[in-house]
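Written out below as structure tokens is the structure these notes cover.
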Amino acid sequence: MTDNVANIPVNLPPANTPSPAGQVISPRREIWLSMRANKGAMLGLIFICLLILCAVFADVIAPHGAIEQFRDRILQPPAWEEGGSWAFPLGTDDVGRCLLSRLIYGSRLSLTIGLIVVTLSLALGIGFGLVSGFFRGTPDIAIMRLMDIVLSMPSLLLSVVIVAILGPGLTNAMIAVAITYVPHYARLTRAAVMGELSKDYVTASRVSGAGTARLMFSVVLPNCLAPLIVQATLSFSTAILDAAALGFLGLGAQPPTPEWGTMLAGSLQFLQTAPWVVTYPGIAILVTVLAFNLMGDGLRDALDPKLKR
Amino acid sequence: MLRFLLTRVSLVIPTFLGIVFLAFMLIRLVPGDPIEVRVGERGIAPARHAQLLHDMGLDRPLYVQFFDYVGQVMHGDLGISLVTHNPVLSEFLTLFPATLELAFCAMLFAVVIGLPAGILAATKRGSTVDHVVMGVSLTGYSMPIFWWGLLLILTFSVDLGWTPVNGRLSADYYFDPVTGFMTIDSLLSEDDPMGAFLSSLSHLILPTIVLGTIPLAVIARMTRSSMLEVLGEDYIRTARAKGLSAFRVINIHALRNALIPVVTVIGLQVGTLMGGAILTENVFSWPGVGHWLVQSIYRRDYPALQGGILLIATIVIIVNLLVDLTYGLLNPRIRYKR
């Protein structure tokens with residue numbers, strides 16, 4: 001689906017590159033153009049924008065509060081089914097809360113989860129990766145062995161274990177999921193750093209007296225960002241998925257938090273009598289994760305065709 | 001080759017020790033010490049507490065305790081479950097065949113569908129078939145499998161009544177476990193082996209699909225891209241120019257080389273399967289190790305959890321090592337790369 005964007009120059013070249021037609025296109029615009037040519041990526045992007053709007057304006061959009069109960073409307077079906085009403089478009093759950101409102105408020109949680117998990121793991125991973133790539137030797141071996149250990153555990157199992165230690169809850173679930181992603185970023189950063197370090201511009205800044213910290217953060221790191229950005233977008237989706245999985249197992253966000261996975265866990269017993277309580281939170285998770293994956297794929301092709309699988 | 005073998009195997013040892021350390025620390029990181037964990041909410045007198053700590057060797061330096069634990073693990077002693085009072089290892093071994101059976105079927109399902117789908121998408125690149133295969137596999141890759149399981153139960157078990165909702169075997173049949181694999185045990189059973197076999201198969205269908213969904217998506221995507229790469233090579237053009245049939249070019253010449261990375265990916269999916277088993281087994285009340293692990297967390301059965309993660313991680317490490325070695329065997333370029 002993304003084969004039409006294979007010939008885009010990569011790694012944010014310092015100078016503007018002339019396009020075949022002769023005009024000068026900035027690298028940023030080039031990425032945008034190749035993204036725009038990718039229908040899937042645009043679809044994902046549009047959905048994500050809508051979701052962000054939903055999350056920001058949840059108070060305005062949602063017909064009811066996230067934990068507001070309507071005791072006389074317990075397990076009411078969606079509006080288009082018999083017995084439903086447009087006051088509760090997607091129906092209500094087992095304690096009479098509006099499902100649509102909970103899903104809308106839940107988008108806040110899911111986006112926050114994605115953001116926090118990605119930021120946390122990105123920060124740790126970049127830190128480890130930079131140290132590994134710059135100092136080599138003992139720190140490198142120690143860090144990479146540690147990352148291997150983390151990687152040798154199935155990620156869900158590891159996060160389950162971490163939550164078992166820290167105790168169930170949304171914050172701990174986010175920490176747990178973030179830890180499982182650190183090795184990916186650390187390895188990517190290390191590989192990119194090692195590739196960049198041998199280049200002339202790094203030697204030049206070193207010769208002109210740049211210190212290690214300066215070399216790390218302002219000289220080398222900006223040139224290692226492309227694969228990291230792609231990985232970050234893709235792990236945004238897995239973060240939402242994993243946090244929802246923990247919520248489903250009762251180890252993530254606790255009721256009555258309107259987290260999508262937790263909502264599913266709470267409604268299992270109504271699977272037969274009120275399938276809508278189960279269907280819609282799942283669709284919300286699936287579509288959101290799909291949107292981020294579509295965008296991540298598009299971004300990968302736009303930023304770095306070498307990474308294309 | 002020997003050098004390659006030894007390097008890879010020696011790399012595994014620190015990782016394994018790290019896992020043992022993690023498992024060792026687990027029980028010391030949870031709030032309260034192992035004694036408090038064991039007595040639970042009943043509480044214990046301080047003198048008795050100190051006595052027990054001393055008896056169990058928990059007042060010794062941490063590193064002494066750690067080496068002690070490594071020794072125990074090497075002897076296959078993974079502790080005693082707080083809930084059932086059975087050795088953790090034997091509990092794990094009783095439940096593991098159920099997980100293995102499910103994981104095997106899921107992998108079979110993923111390979112049997114994912115491989116041809118990927119090949120088809122690659123040979124018909126850019127066509128509707130390609131778009132459909134890639135779209136479906138991306139959806140599968142994004143699937144919250146716990147919800148997928150519920151949806152399948154809702155459709156096929158509740159609405160259509162085709163498949164059972166949970167468990168491994170209908171209550172109409174009973175026989176003593178021989179291998180622990182229900183499909184094999186049912187065939188070995190005395191009365192009505194065919195009925196029991198079909199019952200165990202029908203219980204396997206939905207969990208297999210659920211657990212196999214993500215590996216299926218990964219395999220299809222990997223096969224497609226690997227195939228596309230190989231199809232662009234010169235020797236494929238030569239084979240075509242010789243006048244070989246398209247079928248022969250694709251399935252004999254191209255597939256062989258395209259399969260190398262796919263085999264690796266299949267091996268690496270074992271970790272995903274183990275993680276996915278936790279969710280799948282909980283949705284279908286499948287009596288395997290994933291279900292057992294989550295139950296251990298609920299019951300605060302830390303020795304069980306400790307032993308369980310150690311064993312699962314070890315299995316994953318060993319499988320990954322085997323995959324690595326096979327890869328070296330299949331592809332000499334890896335073997336000689338320093």
Side-chain angles (χ1 to χ4, degrees), chain A residues 1-4 40 141 145-146 148-168 180 237-238 240-242 244-245 247-251 260-261 264-265 267-268 271-272 275 278-279 281-294 297 308-309, chain B residues 11-12 14-19 21-22 25-26 29-31 125-126 130-131 134-135 138-139 141-148 150-151 153-154 158 221-222 224-226 228 270-279 282-283 290 293-294 296-298 300 302 305 308-309 312-313 316-317 320:
Chain A
M1 76 187 76
T2 46
D3 299 316
N4 43 355
I141 294 174
R145 283 299 109 204
L146 185 68
D148 281 351
I149 294 170
V150 177
L151 273 182
S152 69
M153 301 269 278
S155 66
L156 186 67
L157 180 66
L158 183 63
S159 33
V160 162
V161 169
I162 296 171
V163 172
I165 296 172
L166 300 174
T180 60
S237 63
T238 26
I240 294 173
L241 207 52
D242 286 357
F248 176 77
L249 291 174
L251 302 170
W260 296 337
L264 269 178
S267 54
L268 282 187
L271 186 63
Q272 305 198 15
V278 176
T279 320
I283 293 178
I285 302 174
L286 173 63
V287 176
T288 309
V289 172
L290 190 59
F292 276 103
N293 278 337
L294 280 170
D297 269 7
K308 209 166 91 170
R309 280 183 287 181
Chain B
L11 276 176
V12 165
T15 314
F16 178 71
L17 279 177
I19 295 288
F21 182 69
L22 194 77
M25 287 310 288
L26 168 78
L29 285 174
V30 293
R125 180 185 189 173
D130 184 18
H131 289 303
M134 291 328 283
L138 194 67
T139 312
Y141 188 68
S142 312
M143 189 64 85
I145 59 169
F146 44 98
W147 173 73
W148 180 221
L150 294 175
L151 206 66
I153 292 180
L154 198 63
V158 178
R221 280 161 69 101
M222 192 67 204
R224 176 182 178 270
S225 65
S226 166
L228 280 179
V270 171
T272 316
L273 278 180
M274 282 296 167
I278 298 179
L279 292 169
N282 275 287
V283 172
L293 270 183
V294 175
S296 307
I297 294 179
Y298 294 154
R300 312 189 124 259
Y302 290 107
L305 189 60
I309 61 159
I312 293 181
V316 174
I317 293 177
N320 285 352

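These values consider heavy atoms only, across backbone and side chains, with no hydrogens, waters or symmetry-generated copies. Below, read A as the first sequence line, B as the second, and so on, with proteins coming before strands; counting in each chain starts at 1.
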(message) Shorter than 4.5 Å, heavy atoms on both sides: which option in B/Pro144, B/Ser296, B/Gly290, B/Gly276 has the most such pairs with chain A?
(response)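 The candidate making the most pairs under 4.5 Å is B/Pro144.
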
(request) Go through B/Ile19, B/Val270, B/Thr272, B/Val294 and name the one with the most non-hydrogen pairs under 4.5 angstrom from chain A. (result)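 Between B/Ile19, B/Val270, B/Thr272, B/Val294, the count favours B/Ile19.
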
Look at [options] and state which one has the largest set of heavy-atom pairs under 4.5 Å with chain B.
options	value
A/Leu264, A/Val150, A/Val163, A/Leu249	A/Leu249
A/Ser237, A/Ser159, A/Pro168, A/Ala245	A/Ala245
A/Ile283, A/Leu166, A/Asp148	A/Ile283

(request) Please report the closest heavy-atom contact between A/Leu241 and B/Met143, naming both atoms and the distance. (result)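 What the structure gives for the nearest pair is CD2-O, 4.0 Å.
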
(message) Please find the pair of heavy atoms, one from B/Gly271 and one from A/Pro154, that lie closest to each other, and give the distance.
(response)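 Taking every non-hydrogen atom into account, O-CB, 3.3 Å.
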
(request) Begin from the C-alpha positions of A/Leu286 and B/Trp148 and carry the test side chain to side chain contact (heavy atoms under 4.5 Å, CB included) through to its verdict. (result) CA-CA 9 Å; A/Leu286 173 63; B/Trp148 180 221; over 6 Å; no

To the nearest 0.5 Å, what is the distance between [atom1] ([X]) and [atom2] ([Y])?
X	Y	atom1	atom2	answer
B/Thr139	A/Leu290	OG1	CG	5.0 Å
A/Ile285	B/Trp147	CD1	CH2	8.5 Å
B/Ile317	A/Ile149	CD1	CD1	8.5 Å
A/Leu156	B/Met274	CG	CE	13.0 Å
A/Ile165	B/Leu26	CD1	CG	4.5 Å

Would you mind reporting whether [Y] and [X] have side-chain heavy atoms less than 4.5 Å apart?
X	Y	answer
A/Arg145	B/Leu11	yes
B/Arg221	A/Asp297	yes
A/Val160	B/Leu293	no
A/Leu157	B/Val316	no
B/Leu154	A/Val278	no

(message) Need one label for B/Ile153: side chain, backbone, both or neither, based on atoms under 4.5 Å from any heavy atom in chain A.
(response)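 Side chain only.
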
(request) Against chain A, label B/Phe21 side chain, backbone, both or neither, depending on which of its atoms sit under 4.5 Å from a heavy atom there. (result)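 Interface part for B/Phe21: neither.
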
Heavy-atom contact with chain B under 4.5 Å, split by part of [X]:
X	answer
A/Leu158	side chain
A/Ile240	neither
A/Ser152	both

(request) Could I get the full list of side-chain contact (heavy atoms from CB on, under 4.5 Å) partners for A/Leu151, not counting sequence neighbours? (result)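 With neighbours one apart ignored, the set is A/Pro183, A/His184, A/Arg187.
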
(message) Going by the rule side chain to side chain donor-acceptor pair (under 3.5 Å), which residues pair with B/Asn282 if we only count those two or more places apart in sequence or in a different chain?
(response)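 B/Asn282: no side chain to side chain donor-acceptor pair (under 3.5 Å) contacts found.
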
